[in-house]
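Accompanying notes for the structure given below.
Lettering of chains follows the sequences in order, A, B, ..., and the numbering in each one begins at 1.
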2 protein chains.
Amino acid sequence: MTSDETAVVTEDVIESIERSAEVYGLSRSAGRVYGVLYFADGPLSIPELVEETGYAKSTISTVTRKLTRIGMIHRRSSQGGGRRVRFAPESDLWFVVQDVFRQYVDREMELTQRTFERALDDLEDLDGDRSDRRREQIADLAETYEQFQTLLTMAMNHSPEELIAAIEQSDLD
Amino acid sequence: MTSDETAVVTEDVIESIERSAEVYGLSRSAGRVYGVLYFADGPLSIPELVEETGYAKSTISTVTRKLTRIGMIHRRSSQGGGRRVRFAPESDLWFVVQDVFRQYVDREMELTQRTFERALDDLEDLDGDRSDRRREQIADLAETYEQFQTLLTMAMNHSPEELIAAIEQSDLD
DNA sequence: TTGTTTGTTCAGCATGAGCCGAACAAACAG
DNA sequence: CTGTTTGTTCGGCTCATGCTGAACAAACAA
């Protein structure tokens, strides 16, 4: 731990990353680990992360596994041989968001739409004002949901630059 | 509680709404309350919601307050006079999303950007390789974040139809 | 071999959120 | 006024989650 005038400034930014991590459903420790790795001079091992973050070894082990699974950090394993594993941050966060979306949200939305479709099928056979109203209500819900789904799927297949350009372009009309 | 052949089908849809509510950071009970109101024949009072959902009165009171605050349901108060308050669902969910975003996420992101700017200012005065590297790293982060911010802000100022059309249009190039 | 370092797993503790029932306040009906 | 209905607030319970320390396994060094 060498003397470093930039440490204080960096600390503020890492705390900000911590808070953002929490907003997006990760733990504070996960944000801290990512932040430390982001500013590190190279990949860090678990003991080094323990030293830098102050968290227990077990916490670092769990957190690094989770962050690796969602692609926010990467294992630079077997570098220089040995058992020692090192972690490096993924700097393209948009890529991470897209990947997480594809794994979780997308699946959930498809399941929901399937439920709507099945409900509409079941109502097909029924007569009466009530079932007519239900059909309409569920069809409305399904349409809104499908719109969200379409929008998010399209967003996940483009870069932020492309999306911003597309919307700006359409605003010129 | 009259006999209703559509109840079974509706139940599946409400459960689906419950799960979606959880995904977006609300409680299961909040999803249930919204679902019941969505399919109700008119605004419901707290005792009626207790009857329909099975939750305790205190839970309904808390949940309706929260849903009202974020605009997912509305108080149809003082209808027919008296103290009895009734709740109706907001059917335009995109509107709700936009509103919640403006209140919470937007504020959080602006705060984060302010932190980045302050950090860059502080680093201005320092010399040396390390502070040069820090400046670059933080500038990268800030740029990514600003891109997200821009994108989301733009999304919040358009309808889903407009957004989908804009992206589809740009895909034709 | 024996000792050291690295990494994982697991039981236990603390904290926070959701929900409940009870107590309370407010409005109305008789 | 007394009793009933509606709505809010609060203490307490339960469950999930983050974090820890300790025990364990695996690789290396002596």
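Between B:Ile46 atom CD1 and C:dA27 atom P there is a gap of 15 Å when expressed in whole angstrom units. A:Arg86 has its CZ atom 10 Å from the P atom of C:dT6, to the nearest Å. Taking atom CZ on A:Arg65 and atom C1' on C:dG7, their separation rounds to 11 Å, with Å as the unit. The distance between atom CD of A:Glu22 and atom P of C:dT15, rounded to the nearest whole Å, is 16 Å. Between B:Arg84 atom CZ and C:dA29 atom P the separation is 12 Å, expressed in whole Å. Here the P atom of nucleotide D:dG18 and the CZ atom of A:Arg32 are 17 Å apart, to the nearest Å.
Between B:Asp121 and B:Arg118 there is no salt bridge, since no side-chain N of the basic residue sits under 4.0 Å from a carboxylate O of the acidic one. In summary, B:Arg32 and B:Glu52 do not engage in a salt bridge, as defined by a charged side-chain N under 4.0 Å from a carboxylate O. Salt bridge status for B:Arg135 with B:Glu124: absent, with no side-chain N to carboxylate O gap under 4.0 Å.
A:Glu48 and A:Ser45 are linked by a side-chain donor-acceptor pair at a separation below 3.5 angstrom, with hydrogens and angles left out of the test. Side-chain atoms of A:Arg134 and B:Thr10 form a donor-acceptor pair, as typed in the model, at a separation below 3.5 Å. Checked by atom type, the side-chain pair A:Gln149/A:Gln113 shows no donor-acceptor distance below 3.5 Å.
B:Leu141 is listed as a side-chain neighbour of A:Ile17, based on a closest heavy-atom distance under 4.5 Å. Residues A:Arg76 and A:Val85 fail the side-chain proximity criterion, which asks for heavy atoms closer than 4.5 Å.
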Review point. Should A:Met154 and B:Glu168 be marked as a side chain to side chain contact (heavy atoms under 4.5 Å, CB included) after you check the CA-CA gap, both sets of side-chain angles, and the distance that decides it?
Key: CA-CA 9 Å; A:Met154 289 172 84; B:Glu168 271 174 349; 3.7 Å; yes
Exercise for review: Begin with the C-alpha distance, continue with both residues' side-chain angles, and end with the deciding distance and a verdict on side chain to side chain donor-acceptor pair (under 3.5 Å) for B:Ser91 and B:Tyr38.
Suggested key: CA-CA 8 Å; B:Ser91 55; B:Tyr38 185 83; over 6 Å; no
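A donor-acceptor pair under 3.5 Å links the side-chain atoms of A:Thr62 to the main chain of A:Ser58, judged by distance alone.
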Return the polar atom pairs (N/O with N/O) between nucleotides 14-17 of chain D and the protein under 3.5 Å, or none.
none

Below 3.5 Å between N/O atoms, which protein atoms pair up with nucleotides 18-21 of chain C? Just atom names and distances, please.
{"residue": "C:dC19", "atom": "OP1", "partner": "B:Ser29", "partner atom": "N", "Å": "3.3"}
{"residue": "C:dC19", "atom": "OP2", "partner": "B:Ser29", "partner atom": "OG", "Å": "2.2"}
{"residue": "C:dC20", "atom": "OP2", "partner": "B:Ala56", "partner atom": "N", "Å": "2.8"}
{"residue": "C:dC20", "atom": "OP2", "partner": "B:Thr59", "partner atom": "OG1", "Å": "2.7"}
{"residue": "C:dG21", "atom": "N7", "partner": "B:Ser58", "partner atom": "OG", "Å": "3.3"}
{"residue": "C:dG21", "atom": "O6", "partner": "B:Ser58", "partner atom": "OG", "Å": "2.8"}

Check nucleotides 2-4 of chain D against the protein and report each pair of N or O atoms closer than 3.5 Å, with its distance, or say if there are none.
none

